[in-house]
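Structure, as structure tokens:
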Amino acid sequence: MSEDIAISVRNAGKAYTLVHNQARHTTLAEAALERIRHPFRRQNKETFWALRDISFDIRQGDVVGIIGRNGAGKSTLLKVLSQITQPTTGEIDLWGRVGSLLEVGTGFHPELTGRENIYLNGHILGMRKKEIDRQFDAIVDFAGVEQFLDTPVKRFSSGMYVRLAFAVAAHLDSEILIVDEVLAVGDTDFQKKCLGKMKDVARSGRTVILVSHNMAAVGNLCNSALVIRNGQLMFQGDTNQAIAFYAQQNASIARTHRDPSEFRPKWARNLIRSATVRNAAGHEQGTFLMGSDIRIDMTFQEDAVGPLGAPVMGIVLNHSTMGIVGGVNTRMTAFEPQRGVYHNGTMSCTLKRPPFLPGTYSVDLWLGDGHADVDCLLGFVTFDLETADVYGTGRPPAQKLGVIFLDAEWNLDANPDEVSTRENAAVVATS
């Protein structure tokens, strides 16, 4: 085993026993009476494998993201790595002290003050009193609750509670830090603060394992990632490749194989036979990152009326809650196929880095013949957009800004006054 390995997992699996017909009793007497009445009743049990045959190594100082859909087994894997539960099969070796934040606020007592809960929660997370004493001021400053430090946390707002809980966990002094969805807590400003803290932890050389549905955070923080699906490891490697693999695996293939007649207006001819949404590499996909190229393919075939003489393709994009967000067709972009007799064919439209914010979008497909519209499928295909670091700053645009993100260039036409050496030092110290 290499000396720089921090975590080694070999053929790890975790199984749970599910009981389907177990009677629920509120008292011990009821349970005993049920046992007397039905001594030979068998329970219907099922073995459920939350993890199966997972193997990987993580090197010291690596920041690794774990991504996957809900129920994929990510949290179970973190619990096994954190030694909260033991694997059913396989082996897990850890080199270094492990700190974990799997549920913000675990170990807080509502009757105790913020000050008392810092020590209580710190001890539960594995910190010694001297460590808590050393980090105390930093924890309080990070949480921003100094004014309420001696108030019982039951009187804290939910935001204050979350900030204090994260602050304690974020200041764990451990070689391996395991965190689960902590970047989704609090308001927008605090989430940015959490992201900055996680960057500091990563730069300190500690090994970090992060589970998050925020692809922008994973892409910005992690140098590699694992993709988990149905309890199995599907991919391990470069973060961007892992995110692309995850998006492709999430493709909603069923969306693009529905009966077109259900989406066709009564006036339209039966010409559009199928449509798919694909990524830049041509692979069918249903989930994309913001700023990704999106290709829409539409196949057509002549009907009883006859073939087409000049095929025209048009698309209209609709946000799931905000309505139409944009549209384009071959007429307005001067794409004119050669006139002739078209019995069938496939037309494609590639949207180059569409400026849409996260959400679910449906596509209205239009087929024309010259200047006449001849067929239409309304909302026949759909796709999802997920958050991405489109500006490369670690600060993706907020979804509350509307439907699109803006690709802007900035300029400042002004000259600042010169400042003294002392003033300049003060500015640097506070920045």
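Throughout, residue positions are numbered sequentially from 1 according to the sequence presented.
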*Walk me through it: do Tyr16 and Phe48 pass the test ring pair (Phe, Tyr, Trp, His ring centres under 6.0 Å)?*
CA-CA 5 Å; Tyr16 294 95; Phe48 170 73; 7.2 Å; no
Going by distance alone, is a donor N or O of one side chain under 3.5 Å from an acceptor N or O of the other, for [X] and [Y]?
{"X": "Ser75", "Y": "Asp180", "result": "yes"}
{"X": "Asp364", "Y": "Asn318", "result": "yes"}
{"X": "Asp407", "Y": "Tyr391", "result": "no"}
{"X": "Thr276", "Y": "Arg278", "result": "yes"}
{"X": "Asp150", "Y": "Thr113", "result": "no"}
{"X": "Thr346", "Y": "Thr299", "result": "no"}
{"X": "Gln60", "Y": "Asp4", "result": "no"}

Do the side chains of [Y] and [X] get nearer than 4.5 Å, heavy atoms only?
{"X": "Phe56", "Y": "Leu77", "result": "yes"}
{"X": "Pro358", "Y": "Met290", "result": "yes"}
{"X": "Ile178", "Y": "Ser82", "result": "yes"}
{"X": "Asn279", "Y": "Ile294", "result": "no"}
{"X": "Leu164", "Y": "Ile118", "result": "yes"}
{"X": "Trp366", "Y": "Asp375", "result": "no"}
{"X": "Ile66", "Y": "Ile209", "result": "yes"}
{"X": "Glu131", "Y": "Phe136", "result": "no"}

Heavy-atom closest contact ([X] atom, [Y] atom, distance):
{"X": "Val63", "Y": "Leu221", "value": "CG1-O, 3.4 Å"}
{"X": "Pro311", "Y": "Met347", "value": "CB-SD, 3.7 Å"}
{"X": "Ala242", "Y": "Ile67", "value": "O-CD1, 3.8 Å"}
{"X": "Arg52", "Y": "Trp49", "value": "NH2-CD1, 2.8 Å"}
{"X": "Trp95", "Y": "Ile5", "value": "CE3-O, 3.6 Å"}
{"X": "Ile176", "Y": "Gly96", "value": "CD1-O, 4.3 Å"}

Backbone N or O of [Y] within a donor-acceptor pair of the [X] side chain at under 3.5 Å?
{"X": "Gln232", "Y": "Met234", "answer": "no"}
{"X": "Thr333", "Y": "Asn329", "answer": "yes"}
{"X": "Asn240", "Y": "Ile243", "answer": "no"}
{"X": "Asp384", "Y": "Thr287", "answer": "no"}
{"X": "Lys14", "Y": "Thr76", "answer": "no"}
{"X": "Thr207", "Y": "Gly61", "answer": "yes"}
{"X": "Asn11", "Y": "Gly90", "answer": "no"}
{"X": "Ser292", "Y": "Phe288", "answer": "no"}
{"X": "Asp293", "Y": "Arg353", "answer": "yes"}
{"X": "Arg264", "Y": "Ile272", "answer": "yes"}

Could you tell me the separation between the [atom1] atom of [X] and the [atom2] atom of [Y], rounded to the nearest 0.5 Å?
{"X": "Met160", "Y": "Phe148", "atom1": "CE", "atom2": "CZ", "value": "4.5 Å"}
{"X": "Ser224", "Y": "Asp62", "atom1": "OG", "atom2": "CG", "value": "5.0 Å"}
{"X": "His319", "Y": "Ile324", "atom1": "NE2", "atom2": "CD1", "value": "13.5 Å"}
{"X": "Asn223", "Y": "Thr239", "atom1": "CG", "atom2": "OG1", "value": "6.0 Å"}
{"X": "Lys154", "Y": "Asn117", "atom1": "NZ", "atom2": "CG", "value": "12.0 Å"}
{"X": "Arg295", "Y": "Ser348", "atom1": "CZ", "atom2": "OG", "value": "5.0 Å"}

Charged N to carboxylate O below 4.0 Å: is that the case for [X] and [Y]?
{"X": "Glu146", "Y": "Arg163", "value": "no"}
{"X": "Glu175", "Y": "Arg206", "value": "no"}
{"X": "Asp57", "Y": "Arg59", "value": "no"}

*Test Val153 against Leu112 for side-chain contact (heavy atoms from CB on, under 4.5 Å), laying out the working first.*
CA-CA 6 Å; Val153 297; Leu112 299 180; 5.9 Å; no
*Can Gln83 and Leu94 be said to form a side-chain contact (heavy atoms from CB on, under 4.5 Å), step by step?*
CA-CA 10 Å; Gln83 300 176 311; Leu94 304 168; 4.0 Å; yes
_Could you go through Ile7 and Leu81, starting from their C-alpha distance and side-chain angles, then the distance that decides it, and tell me whether this counts as side-chain contact (heavy atoms from CB on, under 4.5 Å)?_
CA-CA 9 Å; Ile7 300 174; Leu81 293 177; 4.1 Å; yes
*For the residue pair Phe245 and Phe235, does the interplanar ring angle fall in the parallel (under 30°), tilted (30 to 60°) or perpendicular (over 60°) class?*
parallel
*Evaluate the criterion ring pair (Phe, Tyr, Trp, His ring centres under 6.0 Å) for residue pair Tyr361 and Phe383; output intermediate values, then yes/no.*
CA-CA 5 Å; Tyr361 295 82; Phe383 61 87; 5.7 Å; yes
*Intermediate values then yes/no, ring pair (Phe, Tyr, Trp, His ring centres under 6.0 Å), Phe356 and Phe405*: CA-CA 6 Å; Phe356 300 130; Phe405 66 89; 8.5 Å; no
*Apply the test side-chain contact (heavy atoms from CB on, under 4.5 Å) to residues Ser362 and Phe380: give CA-CA distance (whole Å), side-chain angles for both, the deciding distance (0.1 Å), then the verdict.*
CA-CA 7 Å; Ser362 63; Phe380 181 55; over 6 Å; no
